[in-house]
Amino acid sequence: MYRVNRKNISFFVGSDVEPVMEVPNGATVIFETADCFVDTVKSTKDCFSSYGECLEAIEVPCLNPVAGPVAVQGAMPGNFLEIEILDIKLPDSGVTSYIPRLGMFASSYQLSDDLLPDTRICRIEDNIVYLPTSRGDIKIPVSPMIGTICTSPGKEKIASFKFGAEHLGNVDCKEITSGNKLILPINTKGGLLSMGDVHAVQGDGEISCVAVEIAADVTVKVNVLTMKEAQFESCPQINGDDFIGSIGCHFGNLVSENIKFAYFDLIQRLKNHFGFSTMDAYHLLSQVGEVRVCQVLGNHQAALAKVKKRFIE
């Protein structure tokens with residue numbers, strides 16, 4: 001068992017970011033992640049009137065630090081990394097915050113010009129998140145997920161809060177959780193796996209730009225796969241016991257375009273690896289395909305298309 005200490009975080013991903021350790025293929029690794037605010041928001045008084053003020057106050061280049069990266073022995077460009085998510089250990093509290101001019105309504109659709117910065121500390125106990133409101137605490141069942149997880153992009157170093165089909169990144173997909181397997185392209189030697197931005201719970205779209213943010217210990221198993229083993233087409237995959245899914249995450253696209261990318265990828269997977277014709281796959285997904293809207297924030301608009309395995313096996 002290998003462990004990435006919470007001190008080993010980065011705000012960038014890329015081939016020139018030095019790995020904090022190298023692990024053998026097939027290793028189990030615990031990533032100690034920091035929350036998106038680098039664990040600095042501790043009370044309701046910790047509020048920010050803008051994204052810039054937030055960065056200045058906590059003295060970071062951007063939000064969403066990632067733990068790692070970890071190099072995997074034998075991982076080479078042209079292969080794929082399977083990340084089996086074994087466990088997400090939650091702390092006893094999380095934080096959510098409203099920062100003006102962030103989120104879905106940071107535009108002409110602004111909810112209200114007089115909404116003030118607001119931070120809420122959410123207790124987590126017995127698998128329940130307690131969200132404070134003016135009507136008392138709302139009890140929400142925990143549904144932990146990894147908001148940001150990626151291999152290294154192949155070319156330039158980029159901020160950890162971005163995403164892309166080449167490496168995944170900050171897509172905030174709720175299916176990236178315990179029991180499921182993520183398959184990502186390897187673009188540089190070692191793969192350089194990083195992760196962070198874990199949420200105790202998050203609604204579809206993460207419309208305010210902030211979920212219930214937590215520091216967490218994430219346990220994963222890593223395996224290097226060939227193209228044939230990965231059954232990869234063009235989009236990152238997240239697969240579970242009862243579904244397969246493709247994530248449309250071309251940065252800068254509208255969510256409608258990324259839904260198209262995800263469904264196109266899923267059709268190709270059904271055709272090339274499950275024995276369907278293109279027309280069969282198109283008909284089937286038109287009837288039983290499912291979409292998860294992951295993000296709807298400015299240039300960050302990602303989506304998952306998935307299908308239950310009982311329809312294709």
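This structure is a prediction, so every number in the text was calculated from the model and none was measured. In what follows, every heavy atom counts, from backbone to side chain, and hydrogens, waters and symmetry copies are set aside.
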Distance from S160 atom OG to M195 atom CE, nearest 0.5 Å?
13.5 Å
Where do [X] and [Y] come nearest, in terms of heavy atoms and distance?
{"X": "I259", "Y": "A303", "answer": "CG1-CB, 3.5 Å"}
{"X": "S97", "Y": "S208", "answer": "O-OG, 4.4 Å"}
{"X": "H167", "Y": "L184", "answer": "O-CD1, 3.8 Å"}
{"X": "V4", "Y": "A67", "answer": "CG1-CB, 4.3 Å"}
{"X": "M21", "Y": "R3", "answer": "CE-O, 3.0 Å"}
{"X": "D137", "Y": "P132", "answer": "OD1-CA, 3.4 Å"}

Side-chain donor-acceptor contact under 3.5 Å, [X] with [Y]:
{"X": "T188", "Y": "S15", "value": "no"}
{"X": "D87", "Y": "T219", "value": "no"}
{"X": "T44", "Y": "R120", "value": "no"}
{"X": "E84", "Y": "N223", "value": "no"}
{"X": "Q73", "Y": "N25", "value": "no"}
{"X": "H300", "Y": "E206", "value": "no"}

Taking atom [atom1] as the centre, does [X] end up with more than 12 heavy-atom neighbours from other residues, nucleotides or ligands that are less than 6.0 angstrom away?
{"X": "K309", "atom1": "NZ", "answer": "yes"}
{"X": "D241", "atom1": "CG", "answer": "no"}
{"X": "Y282", "atom1": "OH", "answer": "no"}

Before giving the answer on side chain to side chain contact (heavy atoms under 4.5 Å, CB included), spell out for S93 and R123 the whole-Å C-alpha distance, their side-chain angles and the decisive distance to 0.1 Å.
CA-CA 4 Å; S93 67; R123 179 167 53 98; 5.6 Å; no
According to a hydrophobic-cluster definition based on side-chain heavy atoms being under 4.5 Å apart (Ile, Leu, Val, Met, Phe, Trp, Tyr only), do I186 and I176 belong together?
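Linked within one cluster.
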Please go through I128's hydrophobic cluster and name the other residues, only I, L, V, M, F, W, Y counting, with side-chain heavy atoms under 4.5 Å joining them.
Y130
Using the side-chain contact (heavy atoms from CB on, under 4.5 Å) rule, pick out the option among I85, V198, I88 that qualifies with T177.
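In the set I85, V198, I88, the residue that makes a side-chain contact (heavy atoms from CB on, under 4.5 Å) with T177 is I88.
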Could you check L182, I183, V222 and say which one makes a side-chain contact (heavy atoms from CB on, under 4.5 Å) with L81?
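Only one option passes, and that is V222.
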If you take the centroid of each ring, where Trp contributes its six-membered ring, are F163 and H250 closer together than 6.0 Å?
no
C122/V95 under side chain to side chain contact (heavy atoms under 4.5 Å, CB included): CA gap, chis, key distance, verdict
CA-CA 6 Å; C122 303; V95 59; over 6 Å; no
